[in-house]
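A quick write-up on the structure given underneath.
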Amino acid sequence: KFPHEAEKDKYNSFQYREVYAINNKFVLSWMFRFDKISMEFNDNNNIGHTYNLTNNLEAEIDYSLNIIYGSLEFMELIEKNFFNKNVEAGICKKIHISNDNLFYYECETSLNLKAFPEIYFLHKTLSSKFILTYEDVFLFENNKYIFLIFFDADENKNVWKLGKPFLKKYLFTFDLDKKTIGYYCNKKDVANDLKEDKKINIKYTVIKLIFLSIIAFVLC
């Protein structure tokens with residue numbers, strides 16, 4: 001059963017949205033494409049700067065993955081605006097795994113976690129904005145902070161993979177027959193979508209009436 005059938009008090013079919021999964025080289029994978037991925041950093045003057053990622057907006061969902069894999073564009077931004085200064089200060093260090101391509105960051109408890117930017121994933125069809133904060137992507141273990149977004153510098157593996165740090169926060173459904181990924185969007189987001197759709201419909205209705213009036217005038 002769908003969640004809105006099994007837990008009617010928690011989920012509503014009215015909130016349900018779904019998208020078709022993207023085929024990866026003719027093999028079905030639970031992959032979809034975000035409309036926008038962005039981050040907001042605060043500089044030394046506490047002024048916010050928003051960065052929009054323009055490459056690799058596709059992401060694969062993997063429930064067996066205990067981490068998240070980030071794109072190379074995200075890696076460059078987060079290193080430049082957050083990790084590099086902490087590495088120079090001796091607070092963080094880059095840990096390589098098995099080879100030089102795969103790595104993650106490990107930091108001391110003195111790390112200012114609140115300086116870490118929120119990461120926004122916008123999906124218009126699912127009517128949702130998914131947000132990851134420092135509480136989602138840092139694990140405190142053995143008196144260290146482990147950054148749960150790993151990176152693979154291999155260009156062939158330059159893709160977002162969303163594992164448990166993302167999926168424990170957001171519930172998705174998967175339909176093997178229809179090859180779709182489903183999500184229950186926020187009620188407020190649904191209301192905003194309906195409001196926006198109403199504005200668009202009114203706009204097109206006005207344009208249509210003006211167009212028909214012009215035709216009628218010409219014919220007369």
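Below, all heavy atoms of this structure are taken into account, side chains as well, without hydrogens, waters or symmetry copies. As the structure is a prediction and not an experimental result, all values here were calculated from the model.
- Both I131 and I68 sit in one connected hydrophobic cluster of ILVMFWY residues. Membership requires side-chain heavy atoms under 4.5 Å apart, directly or through other members.
- The main-chain N or O of F83 is never found under 3.5 Å from a side-chain atom of N86 such that the two would form a donor-acceptor pair.
- Between F2 and Y11, the ring centre distance reaches or exceeds 6.0 Å.
- Between the CD1 atom in I78 and the CD1 atom in I119 there is a gap of 6.0 Å [rounded to 0.5 Å].
- Closest heavy-atom contact between Q15 and C185: NE2-O, 2.7 Å.
- Hydrophobic clustering of Ile, Leu, Val, Met, Phe, Trp and Tyr side chains at less than 4.5 Å, counting indirect connections, keeps M75 apart from L148.
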Note to self: Working note: L65 + K164, criterion side chain to side chain contact (heavy atoms under 4.5 Å, CB included); need CA distance, chi angles, decisive distance, verdict.
What the structure shows: CA-CA 6 Å; L65 196 63; K164 291 175 184 176; over 6 Å; no
Checklist line | Test log, rule side chain to side chain contact (heavy atoms under 4.5 Å, CB included), inputs F121 and K129 | finding: CA-CA 6 Å; F121 300 84; K129 180 188 286 184; over 6 Å; no
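- Between H4 and Y184, the distance from one ring center to the other falls under 6.0 angstrom.
- Screening L111, L77, N112 for a side-chain contact (heavy atoms from CB on, under 4.5 Å) with F82, the sole residue that qualifies is L111.
- Contact annotation: the side chain of P165 never approaches that of N66 to less than 4.5 Å [non-hydrogen atoms, C-beta and beyond].
- Annotation: Y183 is in aromatic contact with F130 [ring centroid separation under 6.0 Å].
- The distance between the ring centers of F140 and F138 does not fall below 6.0 angstrom.
- Contact check for L53 versus S71: side-chain heavy atoms found under the 4.5 Å cut-off.
- The backbone N or O of L162 sits nowhere less than 3.5 Å from a side-chain atom of D62 that would complete a donor-acceptor pair.
- G90 and E108 get closest at one heavy-atom pair: O-CG, 4.2 Å.
- Contact of the I61 side chain with the F174 side chain is registered, since non-hydrogen atoms from C-beta on lie closer than 4.5 Å.
- For the pair N142 (side chain) and K144 (backbone), a donor-acceptor distance under 3.5 Å is absent.
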Checklist line | Verdict with supporting geometry, Y105 and Y145, ring-ring contact (aromatic ring centres under 6.0 Å, His included) | finding: CA-CA 8 Å; Y105 281 93; Y145 285 117; over 10 Å; no
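- Aromatic rings from Y104 and F147 are positioned such that their centres are separated by 6.0 Å or more.
- Contact check for P3 versus T173: side-chain heavy atoms found under the 4.5 Å cut-off.
- Taking the six-membered ring for Trp and the full ring otherwise, W160 and F34 have centroids separated by 6.0 Å or more.
- A donor-acceptor pair under 3.5 Å is formed between the side chain of E73 and the backbone N or O of T54.
- R17 places a side-chain heavy atom less than 4.5 Å from the side chain of S127.
- Listed here is the closest heavy atom pair of V159 and M31: CG2-CE, 4.3 Å.
- The same ILVMFWY cluster, assembled from side-chain heavy atoms under 4.5 Å apart, contains both L167 and I37.
- In this structure, the side chain of E79 does not engage the main chain of N84 through any donor-acceptor pair within 3.5 Å.
- Hydrophobic clustering, with ILVMFWY side chains joined whenever heavy atoms are under 4.5 angstrom apart, keeps L113 apart from I67.
- Residues I146 and F151 fall into different hydrophobic clusters, defined by Ile, Leu, Val, Met, Phe, Trp and Tyr side chains chained together at heavy-atom separations under 4.5 Å.
- Between W30 and D175, the shortest heavy-atom contact is CH2-O, 3.8 Å.
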Note to self: Let's go through F74 and Y69 carefully: what are the C-alpha distance in whole Å and the side-chain angles of both, what is the deciding distance for ring-ring contact (aromatic ring centres under 6.0 Å, His included) to 0.1 Å, and is it a yes or a no?
What the structure shows: CA-CA 10 Å; F74 171 74; Y69 280 105; over 10 Å; no
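- The 12-atom threshold is not exceeded at OH of Y20, counting heavy atoms of other residues, nucleotides or ligands nearer than 6.0 Å.
- A donor-acceptor contact shorter than 3.5 Å links the side chain of D35 to the backbone of K124.
- The two residues E118 and Y120 make their nearest non-hydrogen contact at OE1-OH, 2.6 Å.
- Atoms NZ and CZ, from K161 and F166 in turn, are 16.0 Å apart once rounded to the nearest 0.5 Å.
- In this structure, S110 OG and I91 CD1 are separated by 4.5 Å, a value rounded to the nearest 0.5 Å.
- Counted within 6.0 Å of NZ on K169, heavy atoms from surrounding residues, nucleotides or ligands total more than 12; the atom is thus considered enclosed.
- By the 4.5 Å heavy-atom criterion applied to side chains, C92 and V87 are counted as neighbours.
- Heavy-atom contacts from other residues, nucleotides or ligands closer than 6.0 Å to NZ of K93 number 12 or fewer.
- Between the CD1 atom of I181 and the CD1 atom of I22 there is a distance of 8.0 Å, given to the nearest 0.5 Å.
- A salt bridge links K178 to E18: at least one charged side-chain nitrogen sits closer than 4.0 Å to a carboxylate oxygen.
- Contact check for F32 versus E58: no side-chain heavy atoms found under the 4.5 Å cut-off.
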